[in-house]
Amino acid sequence: MSRSKPPILPTTGPAPDLLNLEPVPDLLRRVRSELSASFVAGRPIRVSRAPGRLDVMGGIADYPGSLVCEATLDRAAAVAIQRREDRQVQIISLNLLDENQPFTLTMALDDLARTSIDMLRGELDEPGRRWGGYLLGCLAVLHEQGLVDLRSQDVSGMNVALLSTVPLGAGVSSSAAIEVATMIGLMDELGIARSLAGPVDPMRVASLCQRVENHVVGAPCGIMDQATSCYGQAGELLRLVCQPHELQPSLKLPAGIRAIGINSNVKHSVGGGQYGITRCAAFMGHKMILDKIAEIGRAGGRELNGDPMNGYLANLPVDDYKRMFRQFLPEFMNGGEFLQKHGQTIDTATRVDASIDYPVQHATDHHVLEAMRVRNFVAHITDADTLAPGDPKRKLALDKAGHLMYASHLSYTNEAMLGADECDALVDLVRASEPEGLYGAKITGGGSGGTVAVLADISPRADVAIEKIIRLYQQKTGRSAEAFLTSSPGAWHVGSVVIDP
């Protein structure tokens, strides 16, 4: 076995052994036992892996530029790549094989090179083919961005096999894990150098994967999912200011404290209708605030141009928002009326639909206040980390952080309109278990179901409380929940491994 040239890592000590991280062992076993017709015995195989992510604080506030705090999970997507002698790319999903669905797609490199991103989206936008966008889209974006020339005869075809244990529709970035695992593997296989010094640094990898998600798959996500799956550290919170993507030092959780997830098993989709409506409504609020600023300037005999928020609603102070602008935002506004008065927004992932009534004030409220909640959450966690266990001030700081999570959850329901009754039930059960070492909980990511994040002690009594919550949840809703209790490193930190014949 030979390891590919490692990237420059901001860590001390060796990177974790990729081959021992789940689901890599199972992927390799199944490639050898079930895909022998495609993967040739005796030929090298490259393996890469990327974890799912748990949105601890921030969620949908990424696209208006908020600070977000994200954790990595032990659930992950793993990809195996083997070169072919022809110039065909065959992608294989072992997950779909298990579900007895069409699990292979093949495309010639020359056809992929000739196909624009928009055309590829159209070709794959049909039943049984849409999943291919997550993998073929990575190659297409690398070609589009000039990082590889798929027309070159020096680029060979390949088989790409995927196995993921990140549950679909759970709000823990199953799609980002697939994209990042595929992108890292392809870049290493194609000899595209990765380095913290650039030009292909972790955030460039994440932005390439985000382009796959937005423009090939067609889901209007921000960049935090891909950034966390790529660069998150096990047991810490990745901090990212999404303007567009400024990494800050990771947030260390206080000793004896962890962030876990509880999957409600209510499937959510970031491409779902309400997510896009809420996102668009927030950008509509941003545009209306800018128009009001210009109007105020004209009334004062001045011409105010530009955006004092520098393009991001998260930069608007809460006090200024409440005092100067909120009163002018309609609770709901028809898209046609907005277009007539204000034109389109600056968002490239959504378009105002003239037939939809948008919750403009609600969505703007959520995003402006959520940005403040995240900043305060970080401050309380940082304070708790400076205090010794048993210090009453430490528990107070953790309680304050947890209560901000509750406030975020409530705003998801009432303002972002992305709540779910089942997630409400989980959060209520967590609140009732606070004496057992739980501090707060909130719905995560795109909302409308999925996973609830919980701030909790690392202790036997907290474990018992979590087990009880899952049991009571099933009794109350008839649904089975599952807990995500541990973390694992992002793809950048483990790179890829070549297994020699």
Side-chain angles (χ1 to χ4, degrees), residues 54-59 69-71 73-75 167 170-172 235 237 251 253-266 268 373-374 376-378 380-381 383-385 387-414 418-445 447 449-487:
L54 177 67
D55 165 43
V56 179
M57 278 294 283
C69 298
E70 311 298 309
L73 299 176
D74 58 349
R75 306 292 183 92
V172 288
L237 300 186
L251 179 63
L253 292 172
I257 300 298
R258 58 184 164 168
I260 68 167
I262 303 177
N263 179 10
S264 70
N265 269 315
V266 176
H268 104 115
R373 283 189 286 264
V374 180
N376 290 341
F377 174 86
V378 170
H380 293 317
I381 292 294
D383 286 346
D385 188 43
L387 300 169
D391 188 328
K393 292 181 179 179
R394 182 180 190 266
K395 184 179 186 305
L396 179 61
L398 291 170
D399 285 338
K400 288 180 178 179
H403 290 168
L404 287 167
M405 296 176 74
Y406 291 135
S408 174
H409 177 81
L410 187 63
S411 184
Y412 254 88
T413 299
N414 295 340
L418 291 168
D421 291 342
E422 293 84 354
C423 293
D424 290 345
L426 283 171
V427 170
D428 289 343
L429 289 168
V430 169
R431 190 186 292 269
S433 301
E434 285 181 1
E436 307 306 314
L438 308 185
Y439 299 96
K442 63 177 283 288
I443 197 170
T444 62
T451 295
V452 166
V454 181
L455 189 67
D457 284 341
I458 302 173
S459 68
R461 71 171 185 166
D463 290 340
V464 171
I466 293 162
E467 292 174 359
K468 182 179 178 181
I469 287 169
I470 290 174
R471 184 172 65 254
L472 292 175
Y473 173 78
Q474 184 170 14
Q475 293 174 3
K476 185 173 183 177
T477 67
R479 293 178 179 271
S480 297
E482 60 179 330
F484 308 130
L485 299 175
T486 56
S487 181

Nearest heavy-atom neighbours spanning Arg394 and Pro254: NH2-CB, 3.4 Å
Pairwise distance CD(Glu70) to CG(Leu54) - rounded to 0.5 angstrom: 7.5 Å
CA sep, side-chain torsions, deciding dist, call: Leu396, Lys400, side chain to side chain contact (heavy atoms under 4.5 Å, CB included): CA-CA 6 Å; Leu396 179 61; Lys400 288 180 178 179; 3.9 Å; yes
CZ on Arg471 to CD1 on Ile466, rounded to 0.5 Å: 12.5 Å
Shortest non-hydrogen contact from Lys442 toward Ser408: CE-OG, 3.1 Å
Among Lys476, Lys468, Gln474, the one residue meeting side chain to side chain contact (heavy atoms under 4.5 Å, CB included) with Leu472: Lys468
Test side chain to side chain contact (heavy atoms under 4.5 Å, CB included) applied to Arg479 and Ser264, step by step: CA-CA 7 Å; Arg479 293 178 179 271; Ser264 70; over 6 Å; no
Atom pair CG (Asp424) and CG (Asp428), whose distance is rounded to the nearest 0.5 Å: 6.5 Å
Over all atoms of both residues, closest heavy-atom pair of Leu429 and Ile469: CD1-O, 3.7 Å
Candidates Val430, Asp457, Val454 - the one meeting side chain to side chain contact (heavy atoms under 4.5 Å, CB included) with Tyr439: Asp457
Minimum heavy-atom distance Ala401-Ile381, with the two atoms named: CB-CD1, 3.9 Å
Heavy-atom closest pair, residues Ile443 and Ala420: CD1-N, 4.2 Å
Lys/Arg-Asp/Glu bridge criterion (N-O < 4.0 Å) met for Asp463, Arg258: yes
Side chain to side chain contact (heavy atoms under 4.5 Å, CB included) between His409 and Arg431, intermediate numbers included: CA-CA 12 Å; His409 177 81; Arg431 190 186 292 269; over 6 Å; no
Under 3.5 Å donor-acceptor, Thr444 side chain and Thr451 backbone: yes
Check against side chain to side chain contact (heavy atoms under 4.5 Å, CB included), Cys423 and Val266: CA-CA 8 Å; Cys423 293; Val266 176; 5.7 Å; no
Shortest non-hydrogen separation from Leu438 to Ala462 and the atoms involved: CD2-CB, 4.3 Å
Within-4.5 Å side-chain heavy-atom neighbours: Phe377 and Val56: yes
Pairwise distance CG(Leu455) to CG(Asp399) - rounded to 0.5 angstrom: 9.5 Å
Donor + acceptor pair across side chains of Thr486, Asp74 (<3.5 Å): yes
Rounded distance (nearest 0.5 Å) linking atom OG of Ser487 with atom CG of Leu237: 9.0 Å
Rounded distance (nearest 0.5 Å) linking atom CD of Glu434 with atom NE2 of His403: 5.0 Å
Test item: Ser433 side-chain N/O and Glu436 main-chain N/O as donor-acceptor pair under 3.5 Å: no
